[in-house]
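Since the structure is predicted, the reported quantities are computational estimates derived from the model, not experimental observations.
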Amino acid sequence: MDSAYQLRGGQQPDVAAITNVLAHHEIHGPGDEPLSESLVFVVSGGIGAGYILLEFAQDASAALGLGFRGQWQYPHAWLKSTVDRLGLPADVHTTGGRRGAAKRLTAELAAGNPVIVQPDRELLGYWHLPKKAEGGGGHFVVAYAEEDGKVFVDDRNLAPLTVDRKAFDAARDRVGSYKNLLVSIKPGEVKDLETAVRDGLADCARRLSGGSESFSLPAWSRWAKRLTDDRNPQGWPTVFAERRGLIGALLSVWENVTPAGMTGGHLRDLFADGLDEAAALLKLPELGEQATHWRAIAGKWDELAEAALSADTPEFAWMRGLTESVSNGVRAGDEAQEAAAESGKELWRLRAHYDQEVPFTDAEVKALYTDLSTRLREIHAAETDAIRTLAEVGS
């Protein structure tokens with residue numbers, strides 16, 4: 001397959017999708033170099049915060065959602081505001097008709113235009129999720145070519161990764177809130193990168209200074225309380241009273257916080273890299289000092305992930321390794337998919353098993369909840385202080 005599109009990898013899927021399309025169009029930043037993912041991340045509004053725990057009565061399970069990217073709950077608004085800040089032209093199309101959506105995708109790919117889409121992860125196949133995950137949503141990826149009935153996808157992979165065209169069309173059509181989304185960023189020039197960076201930083205500080213317990217920094221405090229609250233029906237001692245589903249929730253913590261998951265981890269390290277670049281671009285050394293603080297906070301998140309699912313427990317180390325195998329399989333492309341599929345199958349078998357048979361005593365569970373709650377309170381305090389300082393630096 002002959003395509004001018006280059007695979008460049010990346011950390012956070014949504015940010016990487018934009019960054020890699022910009023690089024394809026040779027839309028450059030300072031020094032005529034391609035815009036880095038970390039600087040695009042800052043322009044986009046940087047980090048976010050969010051905690052949601054959903055319970056499902058049919059199988060007594062619970063699904064944990066953590067938000068670490070700005071506007072994580074509004075992906076389309078996030079994408080539009082990012083492109084608008086950069087001052088780039090973009091065509092955005094949605095349609096309820098799969099046939100029309102497929103026709104437009106075919107035309108774009110035939111013209112050699114990489115496009116950003118948002119397919120359902122389970123139907124894409126290469127994340128090797130169980131069927132029950134269908135309809136659970138997905139992140140932005142780039143479709144950049146088609147050959148022999150297969151679509152070539154950029155999901156931060158560094159080797160060719162393809163999806164059967166029919167499966168790809170079905171994945172794009174699956175989730176009603178963004179059915180058949182297709183975004184084509186056009187070649188252009190970033191005319192005022194400094195203003196775009198300043199606006200992104202201001203947006204980050206404004207959002208995370210808010211009081212929402214679901215979509216701003218107080219979410220970490222609320223999560224900390226829920227971990228030890230045995231009176232609240234949404235407290236972990238109540239939700240996991242029989243410990244069913246607890247291991248899956250702890251694995252979700254680890255997957256969400258570390259880059260081994262599907263969405264790039266806590267992103268505090270990526271934000272710190274962006275602050276370093278912003279400090280040089282804007283001639284604000286104070287932003288470099290902020291980068292140091294955010295790297296320390298990133299370390300606190302890493303420690304929380306380790307505490308939630310410690311590799312010292314053999315069962316947990318096994319599941320962590322399988323998760324990494326699936327993620328590495330995506331990075332390695334088609335040639336790694338057979339091994340990744342086996343890892344995914346075993347991972348979900350183990351999740352189901354340990355959601356019923358928990359390697360914890362009651363005392364160990366209580367101690368774990370207390371430990372995680374303490375760590376989250378420290379993170380909340382550190383991030384609140386850092387955001388307050390960031391707002392002052394940018395004002």
message = Does any part of the side chain of Y354, heavy atoms only, come nearer than 4.5 Å to the side chain of M319, both counted from C-beta?
response = yes
ask   = Do the side chains of Y51 and L64 get nearer than 4.5 Å, heavy atoms only?
value = yes
message = Minimum heavy-atom separation for S38 and L270, please, with both atom names.
response = CB-O, 3.6 Å
Side-chain heavy atoms of I18 within contact of F140, under 4.5 Å = no
ask   = Do E122 side-chain atoms and A133 backbone N/O form a donor-acceptor pair below 3.5 Å?
value = no
ask   = Any donor-acceptor pair under 3.5 Å linking the side chain of D229 with the backbone of G235?
value = no
Lys/Arg N to Asp/Glu carboxylate O, R295 vs D276, below 4.0 Å = yes
query = D148 versus K150: any side-chain heavy-atom pair under 4.5 Å?
reply = no
request  = Over 60° means perpendicular and under 30° means parallel, so classify the ring planes of Y74 and F215, tilted if in between.
outcome  = tilted
message = Please determine whether a side-chain nitrogen of the Lys or Arg among R165 and D169 lies less than 4.0 Å from a carboxylate oxygen of the Asp or Glu.
response = yes
inquiry  = Whether the side chain of Y178 engages the backbone of G138 through a donor-acceptor N/O pair (distance < 3.5 Å, no angle test) should be reported.
reply    = yes
inquiry  = Main chain of L275, side chain of Q290: is a donor-acceptor contact present, judged purely on distance under 3.5 Å?
reply    = no
query = So S221 and E213, side chain to side chain donor-acceptor pair (under 3.5 Å) or not? Walk me through it.
reply = CA-CA 8 Å; S221 179; E213 290 190 335; over 6 Å; no
ask   = Any salt bridge between R206 and D203, counting N to O under 4.0 Å?
value = yes
key: N180 side chain reached by H93 side chain, heavy atoms, under 4.5 Å   = no
request  = Could you tell me how the ring of W223 sits relative to the ring of W236: parallel (under 30°), tilted (30 to 60°) or perpendicular (over 60°)?
outcome  = tilted
key: Under 3.5 Å: donor-acceptor pair, side chain of T313, backbone of F316   = no
task = Please find out if less than 6.0 Å separates the ring center of F68 from that of W220.
result = yes
ask   = Could R244 and D355 be called an ion pair, given the rule that one side-chain N must be under 4.0 Å from one carboxylate O?
value = no
ask   = For the side chain of S216 and the backbone of G210, is there at least one donor-acceptor N/O pair under 3.5 Å apart?
value = yes
message = For the backbone of Q6 and the side chain of R8, can you confirm whether one donor and one acceptor N or O come within less than 3.5 Å of each other?
response = yes
query = Any side-chain heavy-atom pair from D120 and E134 closer than 4.5 angstrom?
reply = yes
request  = Could you tell me whether K300 and E303 have a side-chain N and a carboxylate O separated by less than 4.0 Å?
outcome  = no
inquiry  = Between E346 and R349, does the salt bridge (Lys or Arg N to Asp or Glu O under 4.0 Å) criterion hold? Intermediate values first, please.
reply    = CA-CA 5 Å; E346 179 66 3; R349 185 192 71 80; 2.8 Å; yes
query = Is the shortest distance from a Lys or Arg side-chain nitrogen in R320 or E306 to a carboxylate oxygen in the other one below 4.0 Å?
reply = yes
task = Could you verify whether a donor N or O on one side chain and an acceptor N or O on the other, from Q73 and W78, lie under 3.5 Å apart?
result = no
inquiry  = For a side-chain contact (heavy atoms from CB on, under 4.5 Å) check, start with the C-alpha distance between L287 and L201, then their side-chain angles and the critical distance, and finish with the verdict.
reply    = CA-CA 10 Å; L287 292 177; L201 290 171; 3.9 Å; yes
message = Any salt bridge linking D14 with R69? Criterion: basic side-chain nitrogen under 4.0 Å from a carboxylate oxygen.
response = yes
request  = Taking N157 for its side chain and A159 for its backbone only, find out whether a donor-acceptor pair lies under 3.5 Å.
outcome  = yes
key: Side chain S327, main chain E324, donor-acceptor under 3.5 Å   = no
query = Does E378 come within less than 4.0 Å of R375, counting only side-chain N to carboxylate O?
reply = no
key: Donor-acceptor pair between S343 and S325 side chains, under 3.5 angstrom   = yes
ask   = Does a side-chain heavy-atom distance below 4.5 Å link H266 with I47?
value = no
query = Can you tell me if H128 and Q337 form a side-chain donor-acceptor pair at under 3.5 Å?
reply = yes
message = Between L390 and I387, is there a side-chain heavy-atom distance shorter than 4.5 Å?
response = yes
L281 with L35, same ILVMFWY side-chain cluster at under 4.5 Å = yes
Carboxylate-amine/guanidinium proximity below 4.0 Å for D273 and R268 = no
ask   = Is the charged tip of R351 near the ring of W348: under 6.0 Å from the six-membered ring centre and within 45° of its axis?
value = yes
ask   = Please walk me through it: do Y144 and N113 pass side chain to side chain donor-acceptor pair (under 3.5 Å)?
value = CA-CA 7 Å; Y144 63 90; N113 299 326; over 6 Å; no
message = Between T95 (side chain only) and A101 (backbone N and O only), is there a donor and an acceptor less than 3.5 Å apart?
response = no
